[in-house]
Amino acid sequence: EAGVTQFPSHSVIEKGQTVTLRCDPISGHDNLYWYRRVMGKEIKFLLHFVKESKQDESGMPNNRFLAERTGGTYSTLKVQPAELEDSGVYFCASSLGQGGVSPLHFGNGTRLTVT
Amino acid sequence: AQSVAQPEDQVNVAEGNPLTVKCTYSVSGNPYLFWYVQYPNRGLQFLLKYITGDNLVKGSYGFEAEFNKSQTSFHLKKPSALVSDSALYFCAVGGYNKLIFGAGTRLAVHP
């Protein structure tokens, strides 16, 4: 089975610009998660989709971040406008069952650098 | 609130020696505990989990972890380290439909 794929693998943008990250989960996985790791720190939860619905978006930093999941398939995470502190690695993960009990399958991440 | 602590930024061990990567947790109720590994430029890979049952959990690549309720710990172990085990290791606690991760521990295995 194909794994979780994320695009792009790297993105370098200037402060104030917009960036959109994309995640394609494993087919059939209803649960989709976004996480972020800022340099050397813990991997922080951003939000959780069940199919196309946002189940939990308590980790979203502010309203500059917008996540969508079209038709319960792929997901996008848009940052507009980007700030320096948004730099980090953004991971997407999917799971068949509940993510708190079932293992998550992670993509390779998108490394975002805001200059 | 749930949380996880990995007290060591880096662990160094010689090839062939046993290794331990430490993790302590804080949860209300029964913990669901996980270990993941990240190799360079790759995503996190699931190693093992503890939900209930035997306190010693066996996982992928010869790793195991010991759940200790009294010490609220879930240390990752391997009897004999390989150079190829060098990577970043993350402990996580589950529940409420998501995982809460620690900051990670870099394991360096030297020939």
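The model shown is predicted, which means the values in this text are computed figures rather than measured ones. By convention in this document, chain letters (A, B, ...) are assigned in the order of the sequence lines, proteins followed by strands, and residues within each chain are numbered from 1.
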Shared hydrophobic cluster for [X] and [Y] (ILVMFWY, side-chain gaps under 4.5 Å):
X     : Y     : result
A:Y90 : A:Y35 : no
A:L21 : A:V4  : no
B:Y25 : B:V57 : yes
A:V89 : B:L99 : yes

Report, as yes or no, whether the 6.0 Å neighbourhood of atom [atom1] on [X] holds more than 12 heavy atoms from other residues, nucleotides or ligands.
X     : atom1 : value
B:N30 : CG    : no
A:N62 : CG    : yes
A:R64 : CZ    : yes

Residue by residue, which of residues 37-60 of chain A have a heavy atom closer than 4.5 Å to a heavy atom belonging to chain B?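 Within residues 37-60 of chain A, the residues that come under 4.5 Å of chain B (heavy atoms only) are A:R37, A:G40, A:K41, A:E42, A:I43, A:F45, A:H48, A:Q55, A:D56, A:S58.
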Ignoring hydrogens and geometry, is there a side-chain-to-backbone donor-acceptor pair from B:Y36 to A:L104 under 3.5 Å?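 Yes; at least one donor-acceptor contact below 3.5 Å.
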Residue part contacting chain B, namely of A:S102, when any heavy atom lies under 4.5 Å: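 Looking at A:S102, just its backbone touches chain B.
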With side chain to side chain contact (heavy atoms under 4.5 Å, CB included) as the test, would you mind laying out the steps for B:K98 and A:Y33 before giving the verdict? CA-CA 8 Å; B:K98 63 190 178 192; A:Y33 299 80; 4.2 Å; yes
Using heavy-atom distances under 4.5 Å, tell me whether [X] contacts chain A through its side chain, its backbone, both, or neither.
X     : answer
B:L88 : side chain
B:N41 : backbone
B:K49 : side chain
B:Q38 : side chain
B:I51 : side chain

All ring pair (Phe, Tyr, Trp, His ring centres under 6.0 Å) counterparts of B:Y32, not counting sequence neighbours: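 If we apply the ring pair (Phe, Tyr, Trp, His ring centres under 6.0 Å) test to B:Y32, skipping adjacent residues, there are no hits.
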Could you list the residues that satisfy salt bridge (charged side-chain N to carboxylate O under 4.0 Å, His left out) with B:K69, not counting sequence neighbours?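 B:K69 satisfies salt bridge (charged side-chain N to carboxylate O under 4.0 Å, His left out) with no residue once adjacent residues are dropped.
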Can you sort out the partners of B:E64 under salt bridge (charged side-chain N to carboxylate O under 4.0 Å, His left out), two or more places apart, ordered by chain and number?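 Counting only residues at least two positions away or on another chain, B:E64 forms a salt bridge (charged side-chain N to carboxylate O under 4.0 Å, His left out) with B:K58.
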